[in-house]
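Structure, as structure tokens:
Convention: sequence-line order gives letters A, B, ...; per-chain numbering from 1. What you are looking at is a predicted structure, and each value in this text was computed from that prediction instead of being measured.
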2 protein chains.
Amino acid sequence: MTATGAPASVGDGRRRGKVTVATIARLAGVSAPTVSRVLNGQAGVALSTRRRVEAVLHEHGYQRGDATAQAPLIELVFHALDSLWALEIIQGVEEVARDQKLGVVLTTMQGRLTPGAGWTEQVLSRRPMGVIAVLSDLTAHQQAQLATGSIPLVTLDPTGEPLHDTPSVGAANYSGALVATRHLLELGHRRIGMLCGNLKWPFCRARLDGFRAAMDQAGVPVEADLVRVGPLYVEGAARETAALLRLPEPPTALFATNDLQAHGVYEAARQAGVRIPDDLSVVGFDDLPFTRWAGPPMTTVRQPLKRMGTTAAAMLVALAAGQAPRERRVELTTDLVVRESTAPPPTGKT
Amino acid sequence: MTATGAPASVGDGRRRGKVTVATIARLAGVSAPTVSRVLNGQAGVALSTRRRVEAVLHEHGYQRGDATAQAPLIELVFHALDSLWALEIIQGVEEVARDQKLGVVLTTMQGRLTPGAGWTEQVLSRRPMGVIAVLSDLTAHQQAQLATGSIPLVTLDPTGEPLHDTPSVGAANYSGALVATRHLLELGHRRIGMLCGNLKWPFCRARLDGFRAAMDQAGVPVEADLVRVGPLYVEGAARETAALLRLPEPPTALFATNDLQAHGVYEAARQAGVRIPDDLSVVGFDDLPFTRWAGPPMTTVRQPLKRMGTTAAAMLVALAAGQAPRERRVELTTDLVVRESTAPPPTGKT
DNA sequence: CTGAAAGCGCTTACAG
DNA sequence: CTGAAAGCGCTTACAG
């Protein structure tokens with residue numbers, strides 16, 4: 001025991017002398033075999049006893065046996081693994097892991113927003129140093145289970161409420177969208193449309209809000225018809241764009257929530273014989289590598305994805321070392337990268 | 001002990017009764033503490049003793065203590081993590097891992113061909129079910145260390161010699177290249193160039209050989225000037241293409257070793273004012289998602305990347321269960337996907 | 001449902 | 001460099 005009188009919190013406990021089954025048994029007023037049963041989820045323990053033991057276990061951050069320290073592992077959970085977007089984040093996490101001699105266990109949730117049933121059990125049995133959840137959130141129960149195992153959690157672009165005190169990392173989505181929209185306004189565009197993602201996701205919502213703010217500041221009304229919500233992929237965005245281009249008064253510029261959607265805009269424009277940027281300006285978001293090689297090279301908002309990965313991993317390492325996070329929410333800056341997909345609107349169309 | 005008289009091989013041993021430190025000690029004619037010292041790499045064991053103990057350890061596929069079984073983990077090692085190519089393979093591995101309730105530990109080697117120093121130690125201490133090495137190879141020593149730990153290895157697109165008996169998975173590179181080249185020949189092209197990757201890598205070599213075979217069969221000479229070797233990325237390929245287009249007699253078609261290189265061709269063509277496919281036909285290899293959205297959509301050879309991942313993982317699971325692999329080398333078929341980047345050569349240029 | 005006792009697998013500390 | 005002995009942390013099998 002140290003001299004600090006601070007209340008037990010996730011991440012400490014592990015720092016003190018070795019906590020064994022015997023310790024827990026003594027503190028909970030039961031025998032070692034009973035603690036063992038609780039740990040292994042075996043039947044034959046009264047519910048009240050089980051609860052008491054679990055409480056003590058949690059409070060002291062018990063870690064299994066000879067492997068007193070956790071395994072040198074970071075759990076990295078992705079909503080889906082379907083874009084270069086994910087790859088850059090992984091690279092960032094890998095970089096920190098390499099430095100710290102940690103392994104990275106990668107899990108995909110196949111598009112679900114929350115890890116499946118067996119997941120928490122697997123993670124608990126691996127005893128990782130911590131968990132990073134990308135574009136996903138754990139249920140309250142899952143969070144509690146991690147906390148019981150003293151396993152810290154960091155989210156990256158969380159999808160749920162800015163919930164609890166879970167530390168999170170993201171990019172300056174609002175100001176990125178604001179700058180992108182201003183760029184279009186400065187070129188002279190007025191009929192500007194936006195392709196949105198799921199507005200329940202904070203980062204999608206922030207990008208729409210940034211768009212709206214720029215339009216409002218410029219005194220240009222946002223036309224409801226020109227704002228469409230759809231998945232963050234190429235195909236859906238192409239369909240929405242095709243519909244927008246068939247409007248009696250089509251937009252002269254589109255801002256997409258990510259580069260994949262912006263590619264859908266390219267695709268629809270090509271099929272409709274609409275030239276970019278002559279007839280239609282397009283701005284994406286992310287700055288994935290292929291945007292540079294698109295025809296024409298895409299104007300987009302750069303998100304420091306790799307750095308978001310290193311930042312999340314570094315936060316996790318700090319939490320695991322028992323440090324309180326400096327801030328609960330870190331937002332890295334975004335930059336507008338102007339290439340060749342944006343130009344003044346066609347004359348007579350402003 | 002079972003009744004089978006088969007010689008011990010990687011992957012068995014683990015199936016029989018529990019092999020403990022005591023067992024090993026008895027068989028090696030030493031005490032348990034000595035075995036323990038060897039296992040933990042501690043000094044103070046005579047070299048000859050150490051060797052003897054290691055031999056017995058290896059022969060019986062010793063697995064640590066209470067965790068008699070290995071950890072439910074697949075180690076997935078990548079040469080680099082810089083393309084959607086990697087992502088699809090990861091997805092395949094993840095799929096099998098999910099089914100088998102295994103975790104996937106991902107490691108990148110930052111472009112090196114062989115994992116760094118600490119890597120084997122980390123892997124050994126994690127006791128994974130097996131290792132998949134993608135576009136990379138382990139040193140002989142690393143392979144021996146894995147074998148000592150009874151950890152099977154599968155390679156995917158191996159970069160070294162078709163070496164040892166290490167089971168490997170790949171695609172039908174040779175016939176894919178053959179079909180792609182034939183497609184260009186059938187369109188009427190004669191001045192066909194090829195962008196190669198590092199020819200020490202079997203898959204790059206096979207693609208060049210397939211190209212050559214198709215040209216030979218058609219009785220069309222391969223012009224040395226039109227075959228260029230470079231990295232498998234966009235930028236270098238763009239430079240090579242720019243040089244090719246400046247030739248007095250530029251090629252009318254180019255076959256690239258992968259889609260990233262083919263994108264480099266697009267880029268160079270765009271900057272030189274050369275139209276695809278009117279002035280120049282292009283064929284890629286891989287069929288990554290973005291090829292569909294390129295301007296124009298790219299003709300390319302589809303590689304079943306995800307299925308390569310599932311195949312490698314399934315082989316590993318079988319090996320870990322003590323089964324001998326059905327075949328040492330599995331090649332999945334490739335298909336030519338004809339889109340809009342190929343057309344007959346410009347008239348007067350055949 | 002619970003614990004005292006025995007047991008297991010490994011490691012540590014000591015003696016030679 | 002090596003082993004007999006003690007010890008550690010956990011689990012199993014039994015008794016109540």
Please name the pair of heavy atoms, one in [X] and one in [Y], separated by the smallest distance, quoted to 0.1 Å.
| X | Y | result |
| --- | --- | --- |
| Thr108(B) | Leu81(B) | CG2-N, 3.6 Å |
| Leu319(A) | Pro325(A) | CD2-CD, 3.5 Å |
| Ala97(B) | Val104(B) | CB-CG2, 3.5 Å |

Task: Glu327(B)/Arg329(B) salt bridge by N-O under 4.0 Å criterion - done: no
Open item on the list: Working note: Leu135(B) + Leu156(B), criterion side-chain contact (heavy atoms from CB on, under 4.5 Å); need CA distance, chi angles, decisive distance, verdict.
Closed with: CA-CA 6 Å; Leu135(B) 205 39; Leu156(B) 202 156; over 6 Å; no
Task: CG-CG distance between Leu153(A) and Asp137(A), expressed to the nearest 0.5 angstrom - done: 8.0 Å
Open item on the list: Given a 3.5 Å cut-off on both pairing distances, which stems involving DNA chain C, each at least three consecutive Watson-Crick or G-U pairs, are present, if any?
Closed with: C:1-3 with D:14-16, C:5-12 with D:5-12, C:14-16 with D:1-3
Open item on the list: Looking at Thr20(B), I'd like to know whether one of its side-chain N or O atoms comes within less than 4.0 Å of OP1 or OP2 on dC8(C).
Closed with: no
Open item on the list: Taking only side-chain N and O atoms of Thr34(B), does any of them lie within less than 4.0 angstrom of OP1 or OP2 on dG3(D)?
Closed with: yes
Review item, nucleotides 12-16 of chain D N/O atoms under 3.5 Å of protein N/O:
from	atom 1	to	atom 2	distance (Å)
dA13(D)	N6	Arg37(A)	NH2	3.4

TODO: Report the C-alpha separation of Ile90(B) and Lys306(B) in whole Å, then their side-chain angles, then the decisive distance to 0.1 Å, and conclude whether the side-chain contact (heavy atoms from CB on, under 4.5 Å) test is met.
DONE: CA-CA 7 Å; Ile90(B) 295 175; Lys306(B) 186 171 172 187; over 6 Å; no
Open item on the list: Within the 4.0 Å heavy-atom criterion, would you say Val35(A) contacts the bases, only the backbone, or no part of the nucleic acid?
Closed with: nothing
Open item on the list: One pair to check against side-chain contact (heavy atoms from CB on, under 4.5 Å): Arg37(B) and Arg50(B). What are the steps and the verdict?
Closed with: CA-CA 9 Å; Arg37(B) 285 189 271 258; Arg50(B) 183 180 294 274; over 6 Å; no
Distance in angstrom units between [X] [atom1] and [N] [atom2], rounded:
| X | N | atom1 | atom2 | answer |
| --- | --- | --- | --- | --- |
| Arg52(A) | dC1(C) | CZ | C1' | 12 Å |
| Arg51(B) | dT2(D) | CZ | P | 13 Å |
| Ile24(B) | dC10(C) | CD1 | C1' | 13 Å |

- [ ] Counting heavy atoms from C-beta on, name the nucleotide in dT11(C), dT2(C), dC10(D) closest to the side chain of Val45(A).
- [x] dT2(C)
Open item on the list: Nearest to the side chain of Ala46(B), heavy atoms from C-beta on, is which of dG3(C), dG3(D), dT2(D)?
Closed with: dT2(D)
Task: Arg51(A), CZ: over 12 other non-hydrogen atoms inside 6.0 angstrom - done: no
